[in-house]
Amino acid sequence: MGRKDKLSTEPYKGVRDFYPPEQSTLTYITLTMKEAAERFGYEEYHASILEPAELYRAKQAENEEIVNEQMYTFVDRGKREVALRPEMTPTVARMVAAKRRELGFPLRLYSIPNVFRYERPQRGRLREHWQLNVDLFGSRSLAADHEVILLASEVLRAFGAKEDDFEIRINSRASLNELAQELGLTEAKYKKLRALLDAKDKMDEGKFAAGLEELGVPENTFSGNNTPNDIARLIEELASSGVGNAVYSPGLVRGFDYYSGIVFEVYDTHPQNRRALFGGGRYDRLTELFDDEETPAVGFGMGDVGMRDFLEVRGLLPAYAPACQVYLAVTSPELAVAAQELANELRAQGVNAAVDFGERKLGEQIKTATKHAIPNLIVVGQDELASGQFAVRNLESGAEETLPRGTLARYFTGA
Ligand code: HAM
């Protein structure tokens, strides 16, 4: 068979393969998110990747760009139109509406699902990403908005970020609605204005200004510094809670139609990564999709892709370290099972150990350990097995220590 008959080893466009070092980074990112959410008392939930596509088409939930251009959909064998979830918010609203009577409020939920959007792949944007979703249901209080933004800030702090590494931009849909009214915009024009504001960061200033002019909106409308009362109070309360980097951002809109109150985005301030790391806000009416009852809610989503870039440019990503602590090489293939037995003794005492089967030369076996970044090596040979004395070599420093079989595990566990 010629080369051209073979399949490509590339992953599907815009999605990633996670080899162990990349998977380890993803695990680090999601674990840090998880711990931050749990510190605030949030409980983890999960759901399927698949949802009926109509969930995202409903008027109250719509994001036109996502629904018309970015949704992955297919028709199943029963002729139902199915979507790969492009976001988690409609799912969590559905879950809350389904069990409203049993769930206690305020209800604090988090999840780290993978979500899918048919985007043009570029720095910071892919077709599949993992997204921390933090949502607080059952409170109308500004204190709930305050908590959610505090938690967003805490997530970044937990990664080692400092206050000037990011900026929290806050606006309110209510004040944007008022503005639209003052300008006398029709509903159609207001929708266009929201789409224009949402796309502002993706276009040059000239195009944005032209867009405003077309809608008859004065150019200086979004440079005002008359902070609405609720936003001013929120910013003040955040500052008193130690979050000093929140600012009023009158042009911030967020693409989803379900937002009804405060909206916010957390921006990376690094010149290479000027983009939103989190986006969220208050959406008090989304559960009305499912019945007549209103359950107020506020929350945000934060992707792993932007977070990885954020950490990378600041040197905040930990170096890859495999879970395996020691590699057992053998001097001949006949000793593979003996090595496995020694490894088992170590495992029983809490040490992660992998063995080589001796099919390659000792030098090659050691190279394998190094390629996997395993920090320690034990060579298992006839002499070692007979004497019960084994040399542990630290593959980073080259230092070697010879120990009796029964104390090897303690060398690794420090017990
Ligand atoms: P969103 O702004 O569409 O909001 O996404 C939230 C975050 O997910 C973004 O700030 C970004 O970090 C990340 N993200 C979104 N799309 C991509 C992509 N194509 N590639 C990489 N990262 C991406 C929502 O999805 C709302 N449902 C958030 C929410 C939760 N609001 C209330 N609760």
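Numbering of ligands and ligand atoms starts at 1, following listing order.
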Location of contacts on Phe264 toward ligand 1, heavy atoms closer than 4.0 Å: neither

Does Arg314 make a cation-pi contact with Phe310, if we ask for NZ or CZ under 6.0 Å from the ring centre and within 45° of the axis? yes

Quick one: which ligand 1 atoms are inside 4.0 Å of a heavy atom on Tyr259? 26 (C), 28 (C), 29 (C), 31 (N), 32 (C)

Going by the 4.0 angstrom heavy-atom rule, the piece of Arg254 near ligand 1 is side chain

Audit row: Tyr283, Tyr258, ring-ring contact (aromatic ring centres under 6.0 Å, His included) steps and yes/no: CA-CA 6 Å; Tyr283 53 102; Tyr258 51 65; 5.6 Å; yes

Atoms of ligand 1 less than 4.0 Å from Gly124 heavy atoms? 20 (N), 21 (C), 22 (N)

closest protein heavy atom to atom 16 (N) of ligand 1 is Arg125 NH2, 2.9 Å

Any donor and acceptor pair, going by atom type alone, linking the side chain of Arg308 with main-chain N or O of Thr25 inside 3.5 Å? no

Would one find more than 12 heavy atoms of other residues, nucleotides or ligands at under 6.0 Å from atom CD of Glu219? no

Would you say Glu119 has any N or O atom under 3.5 Å from an N or O of ligand 1, going by distance alone? yes

Is any side-chain N of the basic residue among Arg157 and Glu154 closer than 4.0 Å to the acidic one's carboxylate O? no

With a heavy-atom distance limit of 4.0 Å, tell me whether Glu87 approaches ligand 1 through its side chain, its backbone, both, or neither. side chain

Closer than 4.0 Å to some heavy atom of Gly301 - which atoms of ligand 1 meet that? 6 (C), 7 (C), 28 (C), 29 (C), 30 (C)

With heavy-atom distances below 4.0 Å as the criterion, list the atoms of ligand 1 near Phe278. 10 (O)

For ligand 1, which atoms sit closer than 4.0 Å to a heavy atom of Asp135? 30 (C), 32 (C), 33 (N)

Show the atoms of ligand 1 that are less than 4.0 angstrom away from any heavy atom in Arg117. 1 (P), 3 (O), 5 (O), 15 (C), 16 (N), 24 (C), 25 (O)

State whether the side chain of Ser175 and the backbone N or O of Asn171 hold a donor-acceptor pair below 3.5 Å, judged by distance alone. no

Any N/O pair Val305/ligand 1 closer than 3.5 Å: no

Between His270 and Gln272, do the side chains contain a donor N or O and an acceptor N or O under 3.5 Å apart? no

Distance to 0.1 Å, residue and atom name: give those for the protein heavy atom nearest to atom 8 (O) of ligand 1. Gln131 NE2, 2.9 Å

Using modelled atom types and a 3.5 Å cut-off, is there a donor and acceptor pairing between side-chain atoms of Gln122 and backbone atoms of Arg120? yes

Any donor and acceptor pair, going by atom type alone, linking the side chain of Arg85 with main-chain N or O of Ala47 inside 3.5 Å? yes

When Thr287 is tested against each of Arg100, Glu293, Glu294 for side-chain hydrogen bond (donor to acceptor under 3.5 Å, both in side chains), which residue passes? Arg100

Do any N/O atoms on Tyr283 end up under 3.5 angstrom from N/O atoms on ligand 1? no

NZ or CZ of Arg169 within 45° of Tyr267 ring axis and under 6.0 Å: yes

Arg117 and Glu128 ion-paired at < 4.0 Å: no

Check each heavy atom of Phe300 against ligand 1 and say whether those closer than 4.0 Å belong to the side chain, the backbone, both or neither. backbone

Any idea which protein heavy atom is nearest atom 24 (C) of ligand 1, and the distance to it? Phe256 CE1, 3.5 Å

Under 4.0 Å from a heavy atom of Tyr258: give me the atoms of ligand 1 that qualify, with their elements. 26 (C), 27 (N)

Quick check: does Leu126 get an N/O under 3.5 Å from an N/O on ligand 1? yes

Do me a favour and list the nearest non-hydrogen protein atom to atom 13 (C) of ligand 1 with residue, atom name and distance? His129 NE2, 3.5 Å

Does an N or O from Leu277, backbone or side chain, lie closer than 3.5 Å to an N or O of ligand 1? yes

Quick one: does ligand 1 sit under 4.0 Å from the side chain of Phe310, the backbone, both or neither, non-hydrogen atoms only? neither

May I ask you to check whether Tyr259 and Arg173 show a side-chain donor-acceptor distance below 3.5 Å? no

Please could you name the atoms of ligand 1 that Gly279 approaches to less than 4.0 Å, counting only its heavy atoms? 10 (O), 28 (C), 29 (C)

Around atom CD of Glu43, are there more than 12 heavy atoms of other residues, nucleotides or ligands at under 6.0 Å? no

Using heavy atoms and a 4.0 Å limit, tell me yes or no: is Gly306 in contact with ligand 1? no

Short N/O distance, under 3.5 Å, between Asn133 and ligand 1? no

